[in-house]
A.B. asks: 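Got a structure for you, questions after.
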Protein chains: 2
Amino acid sequence: MLTLAEENHLKAILSISLINPKKITTNAIAKEISISPASVSDMLKKLLEKKLIKYEKYQGVLLSKKGLTLATNILRKHRLWECFLVNKLKFDWAEVHDIAEQLEHIRSVKLIDKLDSYLNFPKYDPHGEPIPSKNGEFPKNKYTPLNKLCAGEKGKVMGVTIDEKSFLDYLTKLNINIGTNLHVLDIIIFDNSINVLIDDERTHISNDVAKHLLINKL
Amino acid sequence: MLTLAEENHLKAILSISLINPKKITTNAIAKEISISPASVSDMLKKLLEKKLIKYEKYQGVLLSKKGLTLATNILRKHRLWECFLVNKLKFDWAEVHDIAEQLEHIRSVKLIDKLDSYLNFPKYDPHGEPIPSKNGEFPKNKYTPLNKLCAGEKGKVMGVTIDEKSFLDYLTKLNINIGTNLHVLDIIIFDNSINVLIDDERTHISNDVAKHLLINKL
DNA sequence: TATTTTTTTTAGACATATCTAAATTCTTTT
DNA sequence: AAAAGAATTTAGATATGTCTAAAAAAAATA
Ligand SMILES: [Mn+2]
Ligand SMILES: [Mn+2]
Ligand SMILES: [Mn+2]
Ligand SMILES: [Mn+2]
């Protein structure tokens, strides 16, 4: 049985490796969960002891099979709860991540099975993030980050890859939501920012934002 | 902001005082949450420090106004989640208490407001236990514990005052549920147990069980 | 390759929450 | 009212999870 801290470390490792599937550094984990690298080092020893990670001192860390299963299940719970909060309780998409950070630690297999069924077995959460199945498989998506589109291309926003409130609130301010249609006007070479057309309105989007928007190209 | 342990102690004090509204003893709290009396003593110091209880060494404890508000809110969350689990996710009434023990600690005022509304502002949980309102008021009920009925009286089960699995599973075995009609045949003076008629079947119920069954007398 | 910088780990401290055993206080019985 | 018994608190220990500062190792730079 995992403690809350152990679950949070495993989930952090998974989250980081979903973006960049390499060995994960102590510093990256520390940053992800806002604790000191020293504390992460301590925890890595415990997780290694429990065979949840592959780890050699100074050499970075990977999830073991067992660790991956457990971490994926936490992510599954997180995203299912986000669906519940948005689809059933009518929360705004920007409000649910922080609450799901708490709900994801509730322990009951039956609860998650029933929640999944109650929600009609969703494949994506309210941010377009894929929900792993019970046995840990992610639905494939073939979407392109907005920063990979070329001038002139058009597409529809299918999801984001960050679901923190500050990011989502900014998207809302830009009139971007899931389903929004975009038309890339031009790309500024200097900083890789782009000008897009949204609802006939010209909008400027930084590269940092664009790379977290998943687009279904027309 | 309360820690999990603090919340559990406050809730324990409230639960005990709902059954018997006197000064609560250290031992009673210890028993309620299955920890040592020594640990409870430690915690009482902390709760006093935070002005959540009225407490003098060796003299037992009461909730302060602030403590009562917080504890009542935890109970409210517990019972609302139990409604959700039974009414929406179709859990059996015996399965939900343990899961609600976890869910009751989720922190989000908006979540509970929305859950309450989603459930249509229930007044009683699946065990017939009253759900306090947002401002801490309990709906009044005028039901009688089964052990106070006299031979010959009839009534309907409206709720229970324990919602642990072992108790509820036993009720199910006795064919007792919310809404069950009972007819008290006779009371055994020796141990205050009673014989009742349920669905034309004679059933023997101990005093210990009978006192936790709330009856609406016909 | 040697030096400097960065990253990671270790060492030592602290807060929380628990325990058992011993001391203290309260309650009951004689 | 004294003694015995029960309840409560204190003392001291342990486990977990965090921190900062210092040491060690790895990576980057000169
Ligand atoms: Mn999220
Ligand atoms: Mn999400
Ligand atoms: Mn309950
Ligand atoms: Mn209940």
A.B. asks: Considering only C:dT18, D:dG17, D:dA26, which nucleotide approaches the side chain of A:Tyr58 most closely?
C.D. replies: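 Selected nucleotide (nearest to the side chain): D:dA26.
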A.B. asks: Short question: side chain of B:Arg76, backbone of B:Ile131 - any donor-acceptor pair under 3.5 Å?
C.D. replies: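 Not at all, since once roles are kept as given, no pair shorter than 3.5 Å links the two residues.
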A.B. asks: Is a donor on one side and an acceptor on the other found under 3.5 Å between the side chain of B:Ser117 and the backbone of B:Asp113?
C.D. replies: no
A.B. asks: How many Å lie between CG on A:Leu47 and C1' on D:dG17, as a whole number?
C.D. replies: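 Whole-Å distance recorded here is 12 Å.
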A.B. asks: Considering only D:dA21, C:dT7, C:dT16, which nucleotide approaches the side chain of A:Asn27 most closely?
C.D. replies: C:dT7
A.B. asks: Return the nearest nucleotide to the side chain of B:Asp42; candidates are D:dT8, D:dT16, C:dC19.
C.D. replies: C:dC19
A.B. asks: If you compare every side-chain N and O of A:Thr25 against the phosphate oxygens of C:dT7 (OP1, OP2), does one of them come in below 4.0 Å?
C.D. replies: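 Answer no for this pair, as no side-chain N or O of A:Thr25 is under 4.0 Å from OP1 or OP2.
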A.B. asks: What is the separation between atom CD on B:Glu49 and atom P on C:dT16, rounded to the nearest whole Å?
C.D. replies: 11 Å
A.B. asks: Between A:Thr144 and A:Lys148, is there a donor-acceptor pair closer than 3.5 Å when you use the side chain of the first and the backbone of the second?
C.D. replies: no
A.B. asks: Ignoring backbone atoms, establish whether A:Lys57 has a side-chain N or O less than 4.0 Å from OP1 or OP2 of C:dT10.
C.D. replies: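 For C:dT10, OP1/OP2 do have a side-chain N/O of A:Lys57 under 4.0 Å.
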A.B. asks: Donor-acceptor check, side chain of B:Glu6 to backbone of B:Thr3, threshold 3.5 angstrom: yes or no?
C.D. replies: yes
A.B. asks: Compare the minimum distances between each of D:dT8, C:dA11, D:dT18 and the side chain of A:Met43, then state the nucleotide with the smallest one.
C.D. replies: D:dT18
A.B. asks: Below the 4.0 Å mark, does C:dC19 have OP1 or OP2 next to a side-chain nitrogen or oxygen of B:Ser36?
C.D. replies: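 So the side chain of B:Ser36 is within the cut-off, an N or O lying under 4.0 Å from OP1 or OP2 of C:dC19.
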A.B. asks: According to a strict under-4.0 Å criterion, is A:Ser39 in side-chain N/O contact with OP1 or OP2 of D:dT18?
C.D. replies: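 Checking A:Ser39 against D:dT18: no side-chain N or O falls below 4.0 Å of OP1 or OP2.
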